[in-house]
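The structure under discussion appears below in the form of structure tokens.
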Amino acid sequence: IPDPDPSAEPQGMATVSHGPFAEQLPVANMTVGEIRGRFADRFDIDPRSLPFVDGEAAQDDTVVQSGQLLWFTHRSGEKGSIS
């Protein structure tokens, strides 16, 4: 059996980011809404934050796949905005 590629991403991992927080987590196949609810406190995610997956606007029912990047951001001009 060949050794797995050490540079390959672990199965089921995706990056979740909000503000200064970013982590690779086992959230593949979860929806944006499930991830938001589960990690709201850990990442200080405002319920009004807009989700993006790999640079594209997403909805709470968008399913995040392994290797993708999910980040939450405030609308420009909102208090706490990072843009």
Side-chain angles (χ1 to χ4, degrees):
I1 299 173
D3 287 336
D5 179 357
S7 66
E9 199 158 307
Q11 184 68 19
M13 301 295 279
T15 302
V16 178
S17 174
H18 179 253
F21 309 105
E23 289 185 47
Q24 284 225 329
L25 300 166
V27 296
N29 301 318
M30 291 177 66
T31 66
V32 169
E34 290 170 331
I35 296 167
R36 180 194 302 267
R38 186 170 183 181
F39 295 101
D41 289 339
R42 183 173 180 167
F43 288 95
D44 194 25
I45 302 169
D46 187 294
R48 298 169 295 163
S49 294
L50 302 174
F52 291 84
V53 175
D54 289 344
E56 299 291 327
Q59 302 297 320
D60 276 349
D61 62 353
T62 301
V63 177
V64 175
Q65 302 298 320
S66 183
Q68 288 189 306
L69 168 61
L70 165 64
W71 76 89
F72 296 92
T73 187
H74 293 277
R75 287 185 175 97
S76 182
E78 282 186 8
K79 183 176 178 182
S81 176
I82 313 171
S83 48

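Worth knowing before you read on, the calculation uses all heavy atoms, side chains too, and leaves out hydrogens, waters and symmetry mates. In this chain, numbering begins with 1 at the start of the sequence shown.
Across every non-hydrogen atom of H74 and S49, the tightest pair is CE1-OG, 4.0 Å. Shortest non-hydrogen contact noted between G12 and S66 is N-OG, 3.4 Å.
Qualifying side-chain hydrogen bond (donor to acceptor under 3.5 Å, both in side chains) partners for N29, counting only residues two or more places apart in sequence or in other chains: none. Considering only residues two or more places apart in sequence or on other chains, T62 meets the side chain to side chain contact (heavy atoms under 4.5 Å, CB included) condition with V32, V53, A58, Q59. Qualifying side chain to side chain contact (heavy atoms under 4.5 Å, CB included) partners for D44, counting only residues two or more places apart in sequence or in other chains: F21. With sequence neighbours left out, R42 forms a salt bridge (charged side-chain N to carboxylate O under 4.0 Å, His left out) with E23. For D60, the salt bridge (charged side-chain N to carboxylate O under 4.0 Å, His left out) criterion is met by R36, not counting sequence neighbours.
Grouped with V63 in a hydrophobic cluster is no other residue, since no side-chain heavy-atom contact under 4.5 Å to another Ile, Leu, Val, Met, Phe, Trp or Tyr is found.
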Handout entry: Residues D54, Q68; criterion side-chain contact (heavy atoms from CB on, under 4.5 Å); working and verdict
Key = CA-CA 6 Å; D54 289 344; Q68 288 189 306; 3.2 Å; yes
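Listed by first and then second residue, the salt bridge (Lys or Arg N to Asp or Glu O under 4.0 Å) pairs involving residues 61-71 amount to none (not counting sequence neighbours).
L50 is connected to W71 through a chain of hydrophobic side-chain contacts under 4.5 Å among Ile, Leu, Val, Met, Phe, Trp and Tyr, so both are in one cluster.
L70 places none of its side-chain heavy atoms less than 4.5 Å from the side chain of F39.
Below 30°, between 30° and 60°, or above 60°: for H18 and F72 the angle between ring planes is above 60°, a perpendicular geometry.
Remark: T73 OG1 to I45 CD1 distance equals 11.5 Å, nearest 0.5 Å.
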